Each structure stands twice: as structure tokens, then as C-alpha cells.
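Written out below as C-alpha cells is the structure these notes cover.
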Number of protein chains: 2
Amino acid sequence: MRAPTERQSASETRDRILDAAEALFVEHGFEATTMRMITSRADANIAAVNYHFGSKDALIQEVFKRRLTELNRRRLAALDRQEAEAGGAPLKPSRIVEAFFGTALEMAADTAHGGHTFMRLLGRTYTEPNGFVRQFLAEEYAEAVERFLAALYRALPDVPREEILWRFHFMMGAMSYAIAGTDALQLFAGKFDDAAPERLLPRLMSFLLGGLRAPLPGQGVPGENGRGAPTRQ
Amino acid sequence: MRAPTERQSASETRDRILDAAEALFVEHGFEATTMRMITSRADANIAAVNYHFGSKDALIQEVFKRRLTELNRRRLAALDRQEAEAGGAPLKPSRIVEAFFGTALEMAADTAHGGHTFMRLLGRTYTEPNGFVRQFLAEEYAEAVERFLAALYRALPDVPREEILWRFHFMMGAMSYAIAGTDALQLFAGKFDDAAPERLLPRLMSFLLGGLRAPLPGQGVPGENGRGAPTRQ
DNA sequence: GTCTATAGTGGGATAGAC
DNA sequence: GTCTATCCCACTATAGAC
């Protein structure tokens, strides 16, 4: 048996490649990241990616699958917990929003496990036009989105479902930028010093809930439901 | 003189290249879009890009400059108009938000002039890691962001400036997704049929204002200013 | 499972005729 | 200002030795 200090085991090589790829994809994007960059950063051979993953595209998919499955597992677990506590009653919107977006930010705060890196990548990828990655995201997300939307529909029975759908979409955008975070912010505001990550979650939550519960368009007075007929149930 | 039907004039070739590049960048991203794709779509020769712009990177910059200058010109004009009407008094947040984000959505609705295509590209590019494009965006945006932030600081004197900065950032995210729009939405919600663009603006505005005016984090009760000390002025 | 060497492809850019 | 032909380079992927 060889000393494990010099060369790590095979499975570790695989993980190092995934970590390196993840970081480089964030930094440079998918296309601009080359196999040579990945393998050199992972301290592996140029042929290792093809050996372990088969192709660059397959590697990209693995980078996502590794974290996304876990993220949505946690999200659904958080939702389950809330629903168990509520015992059949509709949840408060704030609980639902926290289970979905709070879990994501939690994972983004977990720098030790590459959470931050990945969440930035994920946020960016939604709006990116990369065919097979989007297809893949859609599949991985289907179940979670389904359940969270259903919870929101129950929580806000007076709000038209399409309005909720759009607001969910807007919230995703806000979250994406929240995680992309300081980098993008400094782009137009150098004088920015309070980037404390532990304050990000409450900041984002206030904003999201304010947006989610805002008066419907075409209604001047909050609380009063004029047009915008409630959907059934 | 030649018949102008067969081959368009030189300046038109330049514009066709810009249009083609813009559309292809949205569809495939910067890296994945090749010179050959651009020139063939623009019905121009492969050498034309280098003749007119010097390089692919310079072309990318031109694609942005062409529309961004106009967008921010309109935004500042809208702000000027509001400030003239207010005659020295602080503006209502809704007016400021509309001047900034409404103008962008207006431009996005202007499909005839490639507005929609460009706004999608712009929204995506914020979070993209393309070095020289970001640098460039920062410069083009500096003046407009400066003035709009100042207006928001005046409009919301009790809200800490950093909070406003973050919320402005979140609003940018929501807008970006709003414009990316249906494409991304359908990714996780097939049953989505009300994509009427004329309804997008009021939808987004309600959401943004709800978020902007949400109670500050750490304050349970809206309207009551406990912690989160007002910044000076 | 790791490596070197290389095949094969497609990119951006340009020289030079028209 | 437009075009063809081509150069040169960097990339992914693989064959085959170890």
C-alpha cells in the first residue's frame, strides 16, 4: 500500500475534479472553462475527466446533481417539518418562503462544503441558455417546485395562482442576485461594506415576504380585494 | 450606382451584424456564439466582423453600448421629469422604482427595436463572470445608479442606506428574471398561460414596491421603527 | 487508475485579390 | 467594403504504454 499523502485515492480524485470544476464554472462559465484548467486545478491528469465522467458535459451534470439533489431534499424536509407542525392547516407564507429560500441561503452560507460556490452557479444557470443543463434542472426541480407552489396556493387562497407563480419567479430572481451577492453589488456601488453573510438571510426574507404579500396589481388599497377574483379553493 | 435591393449599404451591414450578434448572444451566450454563426445570420462575410469591429470582444462591447446608453438616458430623463414635478420634495418610492425598472420593462416590450432581446441579455450579464463586459457595464451604469440611489435615500430617510442598497440589488434580480420571463418560468411550471407582456409591468411593480417597503429585518411590526437606526440626513 | 502523446475538430483572425 | 482561402491556435477526446 502506498502512502496516501503523495497521491490521493481514486474516489478523492473524482471529488477533487468536481470541486475544481464547480469553482471554475462559477469563475469563468461553462464554455470558458477547459478540461486543462479543471484537471490542473484538481491536480489530476488531463485524461482523468474522461475516465471518470466520460465527457465534459457529463461532468457538468454531475457537478449539479451532487448538490442539487441534496438541496431539494433539505427543502422538502423543511416543508414536511412545517406541515407536520401545522397539522393540516395552511402554512404561513413566511414558513414556506423560509423553507425554500432560507434553505438555499443556508446551503450557500456553508462555505466549507462548497455551498456558496455552487449556489452562485445555480442562480446563474437558470437564466443561462445551456440546453441540456436547463433540461436537467427542470427535472431535478419538478417535485420540489410542485410541492412548494401547492403550499403557497393553500396559504394564499385569495391570490390568483398566476400571480403567485410570477411572484415565486421574482423571488427566485431576488435570491439569485442575493447569492451572487457582493460581487455584483460592488459593480455599481463601491461604498459597500456590510456584506455580513449572517445578515443576508433576514434581509432577503423581509424583501421576499414584502413582495409576496404586496397588494395585487390594480388594487390601490392593501387588504381590500377588489378585482383579481380569488381562484377556487 | 448599384441597386440597393441586392446588397445593403455598409452601415446596414454593421447594424445587421449587431442585431445578429445580440440575438445569438441571448440564445447561446457569448462563448458559444461563433463569428461564423453571427456573420451567416447577418448575411455578411466572415471577415466583416473584424473589418467593422476589430475583434469579437469589441463586437460584444458594441452590442451593449448601442442599447445601454439609450436605456440609461431614458431612465435619467424619467427621473428628471419626476423631480421637476416634485419641485424639490423627495419623490415617492413608487415613482423612482417606475422610472428605473419601468423604463427597462418598456424597452423590453419594444420588440420592434430588439429591446426584448437585449434586456434579456443584459439581465443575464450582471451575474455572468465575463471580465471585460462587467467592467464595461459598471462604467455605463455608474451615473444612473448613483442618481437613483440618491433619490431612494431621500425618499426613505428612515431606512439604513445599506438596506436600500441591498433591496435595490434584490429588485434588479427580480427584474432580471421578469424579463428572462416565460422561458425560465416554464422550466418549472408548464401550466403557465398568462404571459401577457402588458401585465408584466404592474405585476413586477407591485412586487418590487412590496419588497422595497417591507418592514426592516428584526422588526416584527410594520410601520414601527425600533432598531435599525435611521442613517443621518 | 494514471499518464503521454496525438488525432481530429472548430475556433478567431488575417492576407490579399477584387 | 467585400470576399476567399488559409494560418495558427486551443480545445475535447482517445489510443495505448505503464
Side-chain angles (χ1 to χ4, degrees), chain A residues 1-25 27-64 128-133 136, chain B residues 1-25 27-64 128-133 136:
Chain A
M1 239 190 215
R2 212 163 275 249
T5 41
E6 179 59 81
R7 247 309 155 256
Q8 293 85 346
S9 79
S11 69
E12 277 176 1
T13 295
R14 213 188 111 102
D15 283 342
R16 284 204 319 281
I17 288 174
L18 284 171
D19 290 340
E22 193 173 72
L24 287 165
F25 289 155
E27 247 175 276
H28 307 282
F30 298 120
E31 306 272 353
T33 301
T34 69
M35 306 280 255
R36 283 168 176 81
M37 289 161 73
I38 296 169
T39 49
S40 104
R41 178 166 180 149
D43 193 25
N45 188 271
I46 174 74
V49 168
N50 269 285
Y51 176 78
H52 284 286
F53 302 96
S55 73
K56 187 184 177 181
D57 281 2
L59 169 62
I60 295 176
Q61 290 216 20
E62 265 309 301
V63 166
F64 276 91
E128 239 172 52
N130 202 316
F132 76 92
V133 179
F136 173 77
Chain B
M1 232 188 218
R2 214 163 273 249
T5 40
E6 179 57 83
R7 247 310 155 252
Q8 293 87 347
S9 80
S11 68
E12 276 176 2
T13 296
R14 213 189 110 101
D15 283 342
R16 286 204 317 280
I17 289 174
L18 284 171
D19 290 340
E22 194 173 71
L24 287 165
F25 289 154
E27 245 173 280
H28 303 107
F30 298 120
E31 306 272 354
T33 300
T34 69
M35 306 279 257
R36 285 168 177 82
M37 288 161 76
I38 296 169
T39 49
S40 105
R41 177 165 179 151
D43 194 24
N45 188 271
I46 175 71
V49 168
N50 269 285
Y51 176 79
H52 284 285
F53 302 96
S55 73
K56 186 184 178 183
D57 281 3
L59 168 63
I60 295 177
Q61 291 215 19
E62 266 308 304
V63 165
F64 277 92
E128 239 173 50
N130 202 317
F132 75 93
V133 179
F136 173 77

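Order of the sequence lines fixes the chain letters, A, B, ..., with proteins taken first and strands second; residue numbering starts at 1 for each chain. No experiment lies behind these values; they were computed from the predicted model shown.
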Determine whether [X] and [Y] make a side-chain contact, defined as any pair of heavy atoms from C-beta on separated by less than 4.5 Å.
{"X": "B:T39", "Y": "B:N45", "value": "no"}
{"X": "B:F53", "Y": "B:Q61", "value": "no"}
{"X": "B:F136", "Y": "B:I60", "value": "no"}

Rounded interatomic separation in angstrom, taking [atom1] from [X] and [atom2] from [N]:
{"X": "B:I17", "N": "D:dG1", "atom1": "CD1", "atom2": "P", "answer": "12 Å"}
{"X": "A:H52", "N": "D:dA13", "atom1": "NE2", "atom2": "C1'", "answer": "16 Å"}
{"X": "A:Y51", "N": "D:dA15", "atom1": "OH", "atom2": "P", "answer": "15 Å"}
{"X": "A:L24", "N": "D:dC11", "atom1": "CG", "atom2": "P", "answer": "12 Å"}

Requested in this report: Taking all heavy atoms of B:I46 and all of B:M35, pick out the closest pair and write down the distance.
Outcome: CD1-CB, 3.9 Å

Query raised in the report: Quick one: side-chain hydrogen bond (donor to acceptor under 3.5 Å, both in side chains) partners of A:N50, sequence neighbours excluded?
Result: none

Query raised in the report: OP1, OP2 of C:dT4 versus side-chain N and O of A:N45: anything below 4.0 Å?
Result: yes

Query raised in the report: Is A:T13 near enough to C:dG1 that one of its side-chain N or O atoms lies under 4.0 angstrom from OP1 or OP2?
Result: no

Tabulated below should be each protein N or O lying under 3.5 Å from an N or O of nucleotides 8-12 of chain C; please produce it.
unit_1 : atom_1 : unit_2 : atom_2 : d
C:dG12 : OP1    : B:M35  : N      : 3.3
C:dG12 : OP1    : B:K56  : NZ     : 3.3
C:dG12 : OP2    : B:M35  : N      : 2.9
C:dG12 : N7     : B:R36  : NH1    : 3.1
C:dG12 : O6     : B:R36  : NH2    : 3.1

Report summary line: DNA chain D nearest-nucleotide lookup for A:G54 and A:A32: closer to the 5′ end is A:A32

Query - A:E27 and A:R41 ion-paired at < 4.0 Å - result: yes

